[in-house]
Amino acid sequence: MSGGFFVFKIEKPQGTIEVSGRFFANLVAHAASECFGVAGLALSGPKQGFRRFLGQEISDQGVRIRHQNGDLLIDLHIAVTYGINITAIVKSIVNKVSYAVEDATGLRVGKVNVFVDEMKTE
């Protein structure tokens, strides 16, 4: 399920909490973009490329979130700055995104997959 196309429901004794996929996508994108060496997010598939071609705004660009066995699985497509250690960037992103999502929602992040799709010189 991509960023804005699902609603995650959390059942609590006091009631139900619904969190949109768009919220998750924005949260993940913001956390990742704050990491040193991340030059931006990259399109994560042909569907997003087609949406951009049609002139539609893509706020979930580069982010895909799924729910499996009580955990969130996050795919993140990024562009990195040339000359930066990719392993260090990815570790930083995984830690920051996991913490940001778990802190904001109380939901457990099972896995963050980071795909380095582009390298930018400036």
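From a predicted model like this one, the values you see are computed outputs, not experimental measurements.
Taking all atoms of both residues into account, the shortest heavy-atom contact from Val38 to Ala32 is CG2-O, 3.4 Å. For Thr81 against Met119, the heavy-atom pair with the smallest separation is C-CG, 4.5 Å. In plain terms, the two heavy atoms of Leu27 and Ala104 that are nearest each other are CD2-CB, 3.8 Å. Taking each heavy atom of Ile89 and Phe36 in turn, the nearest pair found is CG1-O, 3.7 Å. Of all non-hydrogen atoms in Glu118 and Ala42, the two that sit nearest each other are OE2-CB, 3.6 Å.
The cluster map of Ile, Leu, Val, Met, Phe, Trp and Tyr, joined by side-chain heavy atoms under 4.5 Å apart, puts Ile84 and Val94 in the same cluster. Hydrophobic clustering (ILVMFWY, side-chain heavy atoms < 4.5 Å, transitive): Ile86 and Val112 are in one cluster. Hydrophobic clustering (side-chain heavy atoms under 4.5 Å, transitive across Ile, Leu, Val, Met, Phe, Trp, Tyr) keeps Leu107 apart from Leu73.
Remark: Arg108 CZ to Asn69 CG distance equals 9.5 Å, nearest 0.5 Å. Taking NE2 of His77 as the reference point, atom CG of Asn113 lies at 8.5 Å (rounded to 0.5 Å). Distance NZ/Lys91 to SG/Cys35: 14.0 Å, rounded to 0.5 Å. Distance check, rounded to the nearest 0.5 Å: CZ of Arg66 to NZ of Lys111 gives 9.5 Å.
Using a 4.5 Å heavy-atom cutoff, the side chains of Leu76 and Leu41 are in contact. Glu102 is not listed as a side-chain neighbour of Leu72, based on a closest heavy-atom distance of 4.5 Å or more. Residues Val97 and Val109 form no side-chain contact, since every pair of their non-hydrogen atoms from C-beta on lies 4.5 Å or further apart. Residues Phe24 and Thr105 are in side-chain contact: their nearest non-hydrogen atoms beyond the backbone lie under 4.5 Å apart.
Put simply, the side chain of Ser98 never gets that close to the backbone of Asn95: no donor and acceptor are under 3.5 Å apart. For Ser92 (side chain) and Ala88 (main-chain N/O), no donor-acceptor pair under 3.5 Å exists by modelled atom type.
The local environment of OH in Tyr99 is sparse, with at most 12 non-hydrogen atoms from other residues, nucleotides or ligands closer than 6.0 Å.
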